K.L.:
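Supplied in structure tokens, the structure appears directly below.
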Amino acid sequence: MSEGAMSIADRYEPAAVEARWYPEWEKRGYFHTEADRPGPAYCIVIPPPNVTGSLHMGHALVNTLQDIMIRMKRMDGFNTLWMPGTDHAGIATQYMVERQLASEGRTKEDLGRAAFQARVWRWKEQYGGTIIRQLRRLGASCDWQRERFTMDEGLSRAVRETFVRLYDEGLIYRDDYIVNWCPRCQTVLADLEVEREERDAEFVYITYGPLVLGTVRPETKLGDTGLAVHPGDARYTQYVGQTLDIPSVDGNILVKVVADEAVDPDFGTGVIKVTPGHDPVDFEIGRRHGLPVRTVIGFDGKMTAAAGKYAGLDRFECRKKIVEDMQALGLIDRIEPYRHAVGLCYRCKTVVEPLVSKQWYVQVKPLADAADAAVHDGRITILPPHWAKVFHQWMENIRPWCISRQLWWGHRIPVWYCDADEKVFVSRTDLGACPSCGGALRQDEDVLDTWFSSGLWPFSTLGWPDDTPELRTFYPTAVLITGYDILLFWVVRMAMLGLHLVGEVPFRDVYLHTLVRDPEGQKMSKTKGNVVDPLDLLDKYGTDALRFMLASMVLPGARDIRISEERLEGARNFANKLWNAARLVLSNLEGYDPRAGAAAADSVTDRWIRRRLAITVAEVRDALERYRFNDAASVLYQFVWSDYCDWYLEIAKRSLYRPESPAARQATQITLVTVLEETLRLLHPLMPFITEEIWQRLPHEGDSIMVASYPTAVVLPTDEAVDRFVALAMGAVSAIRNIRGEMRISPGTTLSVTIRPTAADAAVLAEHRTLIEALGRAAIVVDPAATRPKGSALGIVGASELFVDLAGVIDVGAERQRLQKEIKRVGDAMGFTRTKLGRPEFVERAPADIVDKEREKLAEHEALHAKLIASLGWLSE
RNA sequence: AGGCUCGUAGCUCAGUGGGAGAGCGCCUCUCUGACGCAGAGGAGGUCGGCGGUUCGAAACCGCCCGAGCCUACCA
């Protein structure tokens, strides 16, 4: 196996490795599972990306995290299912296809509903698979055989079932209510779909007969059906209940003055105009006081016939015009600059128009209460915990959910109207004729909010409403991993609907990751031009590097992560480091024999690296269980780079190149291979490709690292020999290197070193003399009776002293400086500890073990300090 | 308006009750038979400010300053 090893490239080349292994894994069926496979179930449903989407950094992150958990659990013997799929994304997709049509000079109306839908489906077949292909490049081990789409047959059935059930329970109803209307998208928007943005505006004070009031929307004056003041406002009590006949832009109008708590007497003049047709607050006031609704702005954003001479004008042009007209008529008292928040459509950023229209709603309050309770009592755990507060707040103040949308792409509302007998039918199946009169039926024109179907995702993808083996096995799912930005859109809906419809929470844990930003902390957006395409990064640095970088940056916290190519370079370098470590191992396997090696006793260095690995395994497992991806990554990084490469490989080279005996060489080979092999398994969930590639080249058991076992944490009994080795042998190497560095001596120079050990340290230092010589590049004499040679630098190892002979080379000034610095450092620490121990309250009240530790520390410092002072004196002679 | 989060080395960030850490950058030395995408050494911090709790605070509490996010019907 060594012949091949020599031909391995000295840099890790990800492209070929990734192209080879992913199809192989998929072909062998490693991603797929069945409900009846052995092992406890572990299921994650993917947050379904929009079919319109292509992979961005957010996807790269969320899917890397899911894949890490899935791969870890799969290796750990769980029956693991990662359910993939895409979302039809109503508005987004329709918008996309409409734009395509526009480029052909056509509108969706030209095509008609059926042809337009067919066109969208065609678009979906053509482009909808993009993101799914890209997820494969990420290494995502989804069960692609089970891929779903929110508008496929099964999920459509789940949607209808849900609608009918909720309707039958009286939780779905239709209402004339004021809604957020997007004049561009021609659809209603849920409150959550309206974005707020601060904008400068004019605050126009208008004279209403004897009263003056301020408004930012003078054009809605035409829809005024009343004026309102606060009930306790003494200035205006005389007008309450009166109907005023006042001059306006189009002759006189009649407005009733009402008293309502919603009015803030301290804002403006304390009087407001009530426009129930175009303002949510006014709508409520109007309902309370029986004021009529007058719609003066239409669904197209233009003034309606009810606006009289302004009919047909755009609402913003009308605003200008009406102010001019009022000014001419002397109806404007004054105009002040004003800054306030306007509502924008989350899709197209058009200013939303509040309008009264008939829409379908879900009364979600009872469902919200149940979901709220599930989080309170721990059936659902939200991480990081502070998001639970946001969740509760939302649930406590939840309002009816408007679910109808005036789109053509989506789940059409399963409601049919009979015009003959004015009956309404809600049905699981399509209805042809009126069940009561046999007359013609027409189906509701609207479709459902996209989130209505994605809210069913965790169970609809498992076969609900049927009682399938998948549903029984994999529901509730283990964890939902998603960004905090869709907590309220998506997570709350799944929690509510899952509990209500299936009777059990949809997921045990919700892990909300932070968002990905550019290196300056800016949100990535196409308009800013700061979008980083993960595919470019995958090409440039490799999938494993990107995954490792993302994992190392994400932790359950509040801070968004900033990706940068420098961080990515670090991850790529790490992959390369691992690659080269493997090259070293692979090229030194002549004579490798696991049985012969097993007979040989482990050396202390072998025991040391195994202990370090055992600790690393425990830490990585713990970190992943707690979704501390950054901890897992940094622990692995540290182990591979510092422990395995910097120390162990350097130590192992001695017995590889100049072995004391063939058995010692074989024992080292065994450790090299087995530790590396286990490390690869531990690292595999984070870096699937490189670990598989190396693992296949190493001596191993099994077909693939993907289906090998995940390393198990073991607690090893204490090993004093290892502890002494670390403190003395490794300590001596560090001390020599430290002096070399400080004295600026070339690494090529072999140093002459005398070690004067204490009685306790003598044997260990003598035992590891050659190792210290090799790693410290020194010729060493261990002599308990040694005297410090003239012109030498002093190093401290444990309680022993180490003299580096620098006669002729030494820079006495530099050495003296170094010593003085060291003395100061130790002295400061000593002083601090002494002061602490000198305070009676510390000794009396601190825990005994802490006090003991402080005493030991002080003793050590004092001894060291004395030694250093003596040494300085010697140097000055 | 309410709520949440953050302020630690030049930069990006870990650390949440017992003497400040990582990566990158910087400085010095090395071309050593896995790797220069490398090796060895080093410099650099009154942990935003002020109070409090504690034997002990970067960490816990309060206030202030600064940055950001979410939710909200102040026209």
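Fair warning: this is a prediction, and the values are worked out from it, not measured in the lab. Throughout, protein chains are lettered first and strands after them, A, B, ... in sequence-line order, and every chain is numbered starting at 1.
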K.L.:
Using a 4.0 Å heavy-atom cut-off across all strands, classify A/P840 as base, sugar-phosphate, or nothing.
P.N.:
nothing
K.L.:
Describe the nucleic acid contact of A/D646 in one word from base, sugar-phosphate, nothing, applying a heavy-atom distance below 4.0 Å.
P.N.:
sugar-phosphate
K.L.:
Look at A/R399 and B/C73 and indicate whether a side-chain polar atom (N or O) is within less than 4.0 Å of OP1 or OP2.
P.N.:
yes
K.L.:
The side chain of A/R839 lies closest to which of these nucleotides: B/A14, B/G56, B/G33?
P.N.:
B/G56
K.L.:
Quick check for you: among B/G18, B/A14, B/U71, whose closest atom lies nearest to any side-chain atom of A/D631?
P.N.:
B/A14
K.L.:
Look at A/R196 and B/C73 and indicate whether a side-chain polar atom (N or O) is within less than 4.0 Å of OP1 or OP2.
P.N.:
yes
K.L.:
Within the modelled atom types, does a donor on one side and an acceptor on the other bring the side chain of A/E650 and the base of B/A40 under 3.5 Å apart?
P.N.:
no
K.L.:
Hey, could you give me the CD/CG distance between A/E822 and A/L864, rounded to the nearest 0.5 Å?
P.N.:
6.5 Å
K.L.:
Looking only at atom C1', what distance separates B/C11 and B/U54, rounded to whole Å?
P.N.:
36 Å
K.L.:
Would you state whether a donor and an acceptor, one from the side chain of A/K273 and one from the base of B/A75, lie under 3.5 Å apart?
P.N.:
no
K.L.:
Who is the Watson-Crick or G-U wobble partner of B/A72, with both distances under 3.5 Å?
P.N.:
none
K.L.:
Give a yes or no on whether a salt bridge exists between A/E650 and A/K653, defined as a side-chain N under 4.0 angstrom from a carboxylate O.
P.N.:
yes
K.L.:
For A/Y644, is the NZ or CZ atom of A/K577 found under 6.0 angstrom from the centre of its six-membered ring and inside 45 degrees of the ring axis?
P.N.:
no
K.L.:
Rounded to whole angstrom, note down the C1' distance from B/A57 over to B/G2.
P.N.:
31 Å
K.L.:
What about A/R744: does its side chain form a donor-acceptor pair under 3.5 Å with the base of B/C29?
P.N.:
no
K.L.:
In Å and rounded to the nearest 0.5 Å, what is the CG to OG1 distance from A/L61 to A/T514?
P.N.:
6.5 Å
K.L.:
In terms of side-chain heavy atoms of A/R559, which of B/C69, B/A14, B/G39 is nearest?
P.N.:
B/A14
K.L.:
Would you mind classifying the nucleic acid contact of A/R11 as base, sugar-phosphate or nothing, using non-hydrogen atoms under 4.0 angstrom?
P.N.:
base
K.L.:
Could you check which of B/G39, B/A75, B/A34 has an atom nearest any side-chain atom of A/Y338?
P.N.:
B/A75
K.L.:
Among B/C74, B/C37, B/U12, which nucleotide sits nearest the side chain of A/R567?
P.N.:
B/U12
K.L.:
Applying a 4.0 Å non-hydrogen cut-off, can you work out what A/Y657 is touching in the nucleic acid: base, sugar-phosphate, or nothing?
P.N.:
base
K.L.:
Between the side chain of A/R235 and the main-chain N/O of A/P265, is any donor-acceptor distance below 3.5 Å?
P.N.:
yes
K.L.:
Does A/K577 get its side chain close enough to the base of B/C35, under 3.5 Å, for a donor-acceptor pair?
P.N.:
yes
K.L.:
Among B/A34, B/G18, B/C74, find the nucleotide with the atom closest to the side chain of A/A581.
P.N.:
B/A34
K.L.:
Given that A/V216 and A/W394 both sit by RNA chain B, which one's nearest nucleotide is further toward the 5' end?
P.N.:
A/W394
